[in-house]
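Computation of the quantities below employed the complete heavy-atom set of this structure, encompassing side-chain atoms and omitting hydrogens, waters and symmetry-equivalent molecules. Residue numbers start from 1 in every chain, and the chains themselves are labelled A, B, ... in the order their sequence lines are given, proteins ahead of strands. Remember, it's a predicted structure, so these values are computed and weren't measured experimentally.
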Number of protein chains: 2
Amino acid sequence: MAEVVEITDPGDLRLADYRDLRDVQLRQHLEAEHGLFLAEGEKVVRRAVESGHDARSFLMAPRWLDGLADVLARTDAPCFVLPEALVEQVTGFHVHRGALASLRRRALPPVAEVLDGARSVLVLEDVVDHTNVGAIFRSGAAMGFDAVLLSPRCADPLYRRSIKVAMGAVFSVPWTRLPDWRTALPDLSAAGFTTVALTLADDAVDVEDAVRGLDRVALVLGSEGHGLSPAWQRAADRRATIPMARGAEHGVDSLNVAAASAVACYVTARR
Amino acid sequence: MAEVVEITDPGDLRLADYRDLRDVQLRQHLEAEHGLFLAEGEKVVRRAVESGHDARSFLMAPRWLDGLADVLARTDAPCFVLPEALVEQVTGFHVHRGALASLRRRALPPVAEVLDGARSVLVLEDVVDHTNVGAIFRSGAAMGFDAVLLSPRCADPLYRRSIKVAMGAVFSVPWTRLPDWRTALPDLSAAGFTTVALTLADDAVDVEDAVRGLDRVALVLGSEGHGLSPAWQRAADRRATIPMARGAEHGVDSLNVAAASAVACYVTARR
């Protein structure tokens, strides 16, 4: 049972996990150093705890206590309670749906564990925007993808913004970091997946044709600015593209990575 | 030929159009009152002018003058030139790709003009996020959609962020505001379009079945939070859904509106 601790001083040192939530760089350092991440909003806090993450603490205005009573009953972490206006003073912004939790990050699972039993997998290379990473998790989850693998430079799926945009799918879809960028795609092929790289390359085929009838598929998507690296484009078993219809007339030759992933997941789910 | 005006004082009153670009509310007032909008970045500035928008003025650091020389040659608006660091002081943020332009908004065209000759149309109800509006324009343009119609409460496609996310497609895809929210969908049906509402309603059919074989289609998408209003769901000729595969397992029962529009545009483009 969480101990409810009423706090009146927004400078209280026990609130250190919740400081300056709008400062992305500062948060990245703080969260990495202490091995924590933040969940925001009653629903997301609940999902984070229910998916097995240990809470370090909770922070909320009084009116959120009742709704989260069952979650708080199952933990020994303290629950700091402050008036709504002071919560905002601590975090530096208006907290959507009032409740926050600071949770312990877990060790990332090995790739083989994440791939175990998986049939449809997303592989992201250097997608650096938290919103895009979150949106891709959400689309993947909606389309029944079993796992997400991230290159070392991809944005953090457990950053507050990623979690929110993903609607919490980062807690339920198994994911991990690829330990070696160079061998990632050949390793997937060796594990029985057909790696399908989304690209605008001239020799790319229609993505519907690329995935048709395949059993285990790994859809490979590149970064926001420049798409997939040449090395990954070469290493993939197939190069595929989402056909554009007269996009050139409008000066648009591609979808953004979140839109492209939604379409590619949709097509792959119906293969 | 634009007159190049060197400016040394960031407080110069002639720079009023470019103040405080990060303050969304202030910008919305200022831009509405003066009938202007801002284009950011060499490519977007060029596209804004080439699509026929009159420039009020330009603002850039010296090194962008050469690249935009042909654009500046065709206008009589002044081009204010400041050292890079002062540009940032005026706008309140680091200007991506250095050049800005303030352009005159044009009167919005009547719906009938926008629909003239169109075969595939997007209709947005209360999509309030600039990023989503921009992303939907980009996906629509990439998939060959001919026009976009916006309910009165939708976010402004000519807001700086919308333009950027749309890759400038807001300049090339014809669009306008719907004058009457209540009669919008029946009016479209009367104009020969089959209105297809994207919804999670129980009686919705697979979107591929809903659009198959149709000639003129209007895809209707709702707001970020609650989707389409009941009134528009009822008024649409067909209710359609993007099938989710096991999304429920992950607590995800829908795509976000930008992802949903990408998939729906893709499916509709291949009808």
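- Of the atoms belonging to S254(B), heavy atoms from both backbone and side chain fall under 4.5 Å from chain A.
- With V123(B) as the partner, the side-chain contact (heavy atoms from CB on, under 4.5 Å) test is satisfied by one option alone out of L188(B), L219(B), L150(B): L188(B).
- One N or O on the side chain of S162(A) and one on the backbone of D156(A) form a donor-acceptor pair closer than 3.5 Å.
- By the 4.5 Å heavy-atom criterion applied to side chains, S120(A) and R271(A) are counted as neighbours.
- For chain B, no part of S51(A) is nearby; none of its heavy atoms comes within less than 4.5 Å.
- Across A264(B), P243(B), A258(B), the residue that shares the most heavy-atom pairs under 4.5 angstrom with chain A is P243(B).
- When each of R47(A), M167(A), R270(A) is scored by its heavy-atom pairs under 4.5 Å with chain B, the top score falls to R270(A).
- No side-chain donor-acceptor contact under 3.5 Å links R46(B) to the backbone of G41(B).
- When heavy atoms are compared at a cutoff of 4.5 Å, A166(B) approaches chain A solely by way of its backbone atoms N, CA, C and O.
- Taking V165(A), T131(A), I242(A), N256(A) one by one and counting their heavy-atom pairs under 4.5 Å with chain B, the maximum is reached by N256(A).
- In terms of heavy-atom proximity, E125(B) sits nearest to C154(B) at C-SG, 4.0 Å.
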